[in-house]
Structure formats: structure tokens, C-alpha cells
Amino acid sequence: MYSTIKEEITSLLHEALLKAEEKGMLPPIGKSINIPLETPRYPSHGDLSSSIAFLLTQGSSARPIEVAHSLVGLIQIDKELVGHLEVAGRGFINFFIAPSRLHRFLREFDEMPLPDIGKGRRVLIEFVSSNPTGPLHVGHGRGAVLGDVLANLLEATGFKAEREYYINDVGNQIQALGRSLKARYLELLGVEHEWPEDGYQGEYLIEIARALLEERKDGCQDFPVDFFAEYALGHITEEMKTTLLNFGVRFDHWISEKGLYKMGTLNKTIQDLKERGYIYEQEGAFWFRASLFGDEKDRVLIRETGEPTYFAGDLAYHLNKYKRGYDRLINIWGQDHHGYAPRIKAAISAFGYSKDTLDILLYQMVSLLRDGKPVAMSTRRGEFVTLSEILEEVGRDAARFYYLMQSSRAHLDFDLELAKQKSTDNPVYYVQYAHARISSIFAQASKRGIRLPPAKEVNLSLLNLKEELEIITKLETLREEITNCVINYEIHRLTTYLIELVSKFHSYYKHHRIISQDLAKTAARLILVRTVQMTIKKVLGLLGISAPERM
RNA sequence: GCGCCCGUAGCUCAACUGGACAGAGCGACUGACUACGAAUCAGUAGGCCGGAGGUUCGAAUCCUCUCGGGCGCUCCA
């Protein structure tokens, strides 16, 4: 099993700590102490730096710098790992990685899998799940990319991840959708009709009405609203599937709310809750005692009218997910649903599932900007730019990268002009360019009849320039970076990683020849840039973005 | 009114989850293509991390207050 440089140095520190405890130099702190070790901002502070001495002296009169020195005295330096180390500042311990350790990383790169974090555990990611009353727009795009990339990351790190879309195909808004389509249909026939008060005014319904007319001629005037609702739903979900596929997002399951009702899931769930004593009747409605489980108040499950609320269906749905045997559930929601989280968490704990098994990843709202000005959007009024239009205008790669560049916790301005610019304004091309550039180095090499031997047969110690060692160091941190992404759901870090890596490469390329008369050095450098290329490709792949050979 | 999130360079955003001197890109201004792709590189300018207190060896990061923006607070979904 491969261990990272960081893990290896951490264990050096760990051993030194144990020794110090044995010798009575330190009070026993317990072996479980979390040893801080991080990449410092400044290269002069080493490749990795630990502030452990500060931690150890907290609350005592001991001086960090002295503790640091004694610890350093106890560290068994492995010359193949650490070039040298020093105590600096007021007590930091700085490690400088031995070049030979970096060379070993390159040599073994091909056989190095990503860390197995999941160990085969099954995770269900539910995302997008937009109401099927109209086309997808920018906001849904953000959820779609986040969910898709998170699923990719989980799969790459040993989880068994499945993607799911929950279709809310019942309820008031679906009725409104049906009435709206019927109105449009009658309109096309020139029949006198009233426009429904809560109708959906978007153009898309006119198109769907035309399709219906084409298919069924004028025989549907007296059909019930349900018929029209069904027809509209079919069209809209098909459209959504197509858009998502164009965006590179594929779902394993499309779950219909109506389907769950038909299976009796809802009734069973409510019955079950009743037996557990978490339901009471008041003012003609049935309430769930959510406040017993951390929600701020109780919630209605069955309305006075006898109809279930959306929450009731969602509760049944979540229970259904658990019954399908997943170890962990992830829901990706827009920030506008955050108030809903305690409710659904209360529901699952009422059924005995730990709240920790459901992670709700919230992303902030997205505004669409054109010419620097926000574009107002409303599904109901039919004013919006669809995701499909954005994709057409910006392109899949650029759109995905744009979404992924910033933390999901921050509000996102999707600026159409910025996103589609083919310049360094748009880092996606900066990254892809590096990949294409390396391809062309290899084209050049083969034109000159150079063939690249396996890394094991190349003298990698010829890679001793500062820039070269920095690039390898950066390559080596990928595993850690990915681990952090998976654990903290901070996907935007991968785009930052790529930009940093690629910037080091471009600079190196500009200043040093890869292919030269010196065959041994050429081979070593080719191994280096090939590893850079493979890394770019790997990460872009996780982000669902192509890695072109030329552009 | 209550709750959640966000305020960092002119603009869009980072900052390894409490570490050492605050980091990129764009925009502005200089410079670099007769050897592997200039969608690139090298450099200059730009900051009271919204504000005020506090916690400690150390704060953009944690706590309190405050100002500004977003989103919630339905028998809507």
C-alpha cells in the first residue's frame, strides 16, 4: 500500500513523540494526538511544516522552540525521505523532502491507485431533482455538476456510488402544469377558454401543445387535466434527460414520487410512524412529532383535505432509500431548501437511522449574468434562460469548470461572457492547453525517433532543478487533495489544484527544453511531463471535462 | 423579528480547516516567439481580510456585538 510523503513524515513525528514520552520529556499526551503537518506558504519554510511544538506547550510554561529542538533530536531521519529538517520561527519544525523520495514517487506512479476510502460502502447521491414543471436553468446546472463530480470522486476512492433523480410528479403544481397545457392546447384550437390563475406561462408549453395536437389531433378537448399533466411531464422529463446527458450527467435511477405512492410506500410509512407513536391528529390533519427530533416544530403529513404533503412523500422516499441498503445518503440541495433539512433529518431519526448517515450538501444560489447584468428568472412566468441554452453557448467543458471553480457555499454569478471567453480569463483552457501541449511534445519526440523507456529504467535523479522538484511535489499531493475533497465535499479545490499544477508546468516548459541532445536527461524529463499529463487527465476526468490532445 | 450562508486587490475568487511576510486569474502598465504549441512566459502596480471588541504563543479562519448582501421561516414544492 502506498503511503504519502505527508503520512510518512507524520509517522516520523509520531515516533519521536512516543520516545519523548518514554523519556519523560513530555507529559503523556496520549497517542491519539492529531499531529499538524502542512505545506507552508513560503518555500523557505520547507516542503512540510509542523506546529506540533506549539500544541504541546499549550497551557504550560514550556517554550515551543525548546520542545521543537528536543523533538528534532529524537527524530530518526530517513535520508531517503527527508533531505534535512530545521527548527524555525518560534518553534516550527520544517522538513525538506529528499529528492530521491520524489524520484521514487515518479518511478512508482503507474502502479499507484487512489486511496481506498470507501472500502466498498454504498452511497446514494440524490441531486438536481428539479420540479418537472419546466426546463432546467443555471441553478440546476450547479447542483448537477456538484452531484456528478462528487459521485465520480466517491467512485474513484472506493465507494460504490449511485446517482438518483427524484421526480416530484404529483401535487398542486403538476395539476397547474396540466391546466396550463390544456389552456395552450385549446388556444391552438381556437377554443374559448380561461387561462388558469396559477398557470405556467413559458413558451415551452406551447411547443408541447403543438406536439400533442400533432399526435392526437383535436380530440383531447374534453380530456381531464390529469391527461394533460401526464403528457407535459413526459415531454419535460425527456427534455431534462437530454440536457443532462449533454452536460455529461447520467443518472442510475429516476424515481417517481407517484410511483412510490402507487407502491403504497407512503401509506406504509405513515402507518409505521403511527405505530411508533410519532403521529397525532389536530384540526383535521395528521402531524409528525418532528420537534422530538430536533426540528423547531411538528409538521403536517396529511392535510385536512386528506392529501399528503410534499414532506410526507419525501419522508417515505428517504425511508425507501435506506431500505434499498445504502450505507450513506447524500442529498444535494440549493440553499433555498436549507430550512427543510432539520425536518427530513428528524424524520429519519424517528425511524432509528442516525442523522450522520444523511449528508445534506447545500449550494448557494446562482445568478445568471449577461453583459454584467443579472437576468431575471421565473419558471412560473416563463422567463428564463435554460441550461440547455447555456450549454450551447458556453460549451460543456467551460460550463462545468466554471461551476466548479468556486466553493459551493458562496453565491455564484454565472457570467456568460466570462464563461465562454476563450482566453486565460477562463482557466479551463489554461489547463487543457497544458495537456495538449504535452501531447505535442510527445509527437515531437516520436518524430525524432525517441522512444520512452519505462520509468524504472530511466535515471530520474537527473531531475534536480528546483522547478522539477516542485512539480513532483505538487503531483505527489494529489492523493491528499482528493481525500480532502471526498471527506469535506469541497470540490472546488480540484480546479485550484489543476491551475496551480499547470502553472508550474507552463513556467517550467518555457524555461527548459524537454527534448535535447542529452538523451538521458530527455528521458527523465519526458517521464516528468508524462506524469503531469496523466495527472491532468485524471483530474479533468473526475471533473467530467475532456482532456484534448490538441485544441 | 428568528435561523442559515456570504462580505478578502478595481472585477471573479483562493487561502490546506487556528500557523510564519495575504495568494491566483482577469483588467491596467512593461517586456519575451529563427529549437518541443505565445490559448504561453517574466515583471510592475494594486490590501486596515466589511467594522469594533474578545479568546491565545499566533486569527481572514473561533466567540460576542455591529453594518451590508443572499436565502429560508406554508396544511407550497
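In what follows, every heavy atom counts, from backbone to side chain, and hydrogens, waters and symmetry copies are set aside. Reminder, nothing fancy here: chain letters follow the sequence lines and each chain counts from 1. Keep in mind the model is a prediction, meaning the values are calculated, not measured.
Checked by distance alone, A/Asp336 brings no side-chain donor or acceptor within 3.5 Å of a matching partner on the base of B/A77. A donor-acceptor contact under 3.5 Å is formed by the side chain of A/Ser49 with the base of B/A20.
Side-chain contact check for A/Tyr508 and A/Arg525: at least one donor-acceptor pair (N or O, by modelled atom type) lies under 3.5 Å. Between the side chains of A/Gln175 and A/Arg179, not a single donor N or O lies within less than 3.5 Å of an accepting N or O. A side-chain donor from one of A/Asn331 and A/His318 sits under 3.5 Å from a side-chain acceptor of the other. Defined by atom type and a distance below 3.5 Å, a donor-acceptor pair is present between the side-chain atoms of A/Ser367 and A/His411. A donor-acceptor pair shorter than 3.5 Å cannot be found between the side chains of A/His511 and A/Glu467. Checked by atom type, the side-chain pair A/Glu164/A/Tyr317 shows a donor-acceptor distance below 3.5 Å.
Each of A/Ile514 and A/Asn172 has a nearest nucleotide on RNA chain B; the 5'-most of these lies closest to A/Ile514. Each of A/Asn488 and A/Ser44 lies near RNA chain B, and the nucleotide nearest A/Asn488 is the one positioned closer to the 5' end.
Across all strands, A/Arg90 comes closer than 4.0 Å only to sugar-phosphate atoms, never to a base (heavy-atom distances). When heavy atoms are screened at a 4.0 angstrom cut-off, A/Arg550 is found touching base atoms of the nucleic acid. Residue-level contact check: A/Gln517 touches neither bases nor backbone, having no heavy atom under 4.0 Å from any strand. Residue A/Gln335 is classed as a base contact, given a heavy-atom separation below 4.0 Å to a base. A/Ala434 comes within 4.0 angstrom of no nucleic acid atom, judged by non-hydrogen atoms across all strands. Nucleic acid contact for A/His337: base, since at least one base atom lies under 4.0 Å from a heavy atom of the residue. Nucleic acid contact for A/Ser51: base, since at least one base atom lies under 4.0 Å from a heavy atom of the residue. As judged by a 4.0 angstrom heavy-atom cut-off over every strand, A/Phe442 is placed among residues making no nucleic acid contact. When heavy atoms are screened at a 4.0 angstrom cut-off, A/Lys6 is found touching no nucleic acid atom at all. Among the heavy atoms of the strands, none lies under 4.0 Å from A/Glu500. Base contact: A/His512 has a heavy atom under 4.0 Å from a base atom. A/Glu296 comes within 4.0 angstrom of the backbone, heavy atoms only, and of no base. Counting any heavy atom pair closer than 4.0 Å across all strands shown, A/Thr496 reaches sugar-phosphate atoms only and no base atom. Counting any heavy atom pair closer than 4.0 Å across all strands shown, A/Tyr340 reaches a base atom.
If you check B/C57, B/C13, B/C5 against the side chain of A/Gln58, the one that comes closest is B/C57. In the set B/A15, B/A14, B/C75, B/A15 carries the atom at the smallest distance from any side-chain atom of A/Arg493.
Not one side-chain nitrogen or oxygen of A/Lys510 sits closer than 4.0 Å to the OP1 or OP2 atom of B/C33. When the side-chain nitrogen and oxygen atoms of A/Arg41 are compared with OP1 and OP2 of B/G19, none of them lie within a distance under 4.0 Å. At the phosphate of B/A77, neither OP1 nor OP2 sits under 4.0 Å from any side-chain N or O atom of A/Gln173. The phosphate of B/A38 has OP1 or OP2 within less than 4.0 Å of a side-chain N or O from A/Arg437. In this model, the phosphate group of B/C41 is approached by a side-chain N or O of A/Tyr430 to a distance below 4.0 Å at OP1 or OP2.
You cannot call A/His411 stacked on the base of B/G7; the centres under 5.5 Å and planes under 30° rule is not satisfied. Stacking of A/His45 onto the six-membered ring of B/A20 is present: less than 5.5 angstrom between centres, less than 30° between planes. Remark: ring of A/Tyr433 does not overlap the six-membered base ring of B/G37 in a stacked fashion, as centroids less than 5.5 Å apart with planes less than 30° apart are not both met.
Atom P of nucleotide B/C6 and atom CE of A/Met365 are separated by 14 Å, given to the nearest angstrom. B/C13 atom P lies 15 Å from atom CZ of A/Arg409, rounded to whole Å. In this structure, CZ of A/Phe311 is placed 12 Å from P of B/C75, rounded to the nearest angstrom. Note: OH (A/Tyr489) to P (B/C16) measures 20 Å, nearest angstrom. Residue A/Asp298 contributes atom CG, which lies 13 Å from atom C1' of B/C75 at whole-angstrom precision. Per the geometry, CZ belonging to A/Arg343 stands 10 Å off C1' belonging to B/G72, to the nearest Å. Protein atom CD of A/Glu283 is 10 Å distant from nucleotide atom P of B/C75, rounded to whole Å. In this structure, A/Leu498 atom CG and B/C16 atom P are separated by 18 Å, rounded to whole Å.
For the C1' atoms, the distance from B/A77 to B/A14 is 36 Å, rounded to whole Å. Taking the C1' atom of each, B/A59 and B/G18 are spaced 7 Å apart, rounded to whole Å.
As the counterpart of B/G27, no nucleotide is assigned, since no Watson-Crick or G-U wobble pattern has both distances under 3.5 Å. Pair assignment for B/A45: none, as no Watson-Crick or G-U wobble contacts are both less than 3.5 Å. Taking a pair to require two hydrogen-bonding distances under 3.5 Å in either a Watson-Crick or a G-U wobble arrangement, B/A77 remains unpaired. Remark: B/A38 base-pairs with no nucleotide; criterion is Watson-Crick or G-U wobble with both hydrogen-bond distances under 3.5 Å. The partner of B/A14, taking Watson-Crick or G-U wobble pairs whose two distances both stay under 3.5 Å, does not exist in any strand shown. Searching all strands for a Watson-Crick or G-U wobble partner of B/G72 with both distances below 3.5 Å returns B/C2. Searching all strands for a Watson-Crick or G-U wobble partner of B/C57 with both distances below 3.5 Å returns B/G19.
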Is there a side-chain contact (heavy atoms from CB on, under 4.5 Å) between A/His137 and A/Phe414 once you walk through the steps? CA-CA 11 Å; A/His137 60 248; A/Phe414 197 104; over 6 Å; no
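Residues A/Thr133 and A/Ile236 form no side-chain contact, since every pair of their non-hydrogen atoms from C-beta on lies 4.5 Å or further apart.
A cation-pi arrangement is present between A/Lys274 and A/Phe286, with the terminal nitrogen or guanidinium carbon under 6.0 Å from the aromatic centre and inside a 45° cone about the axis.
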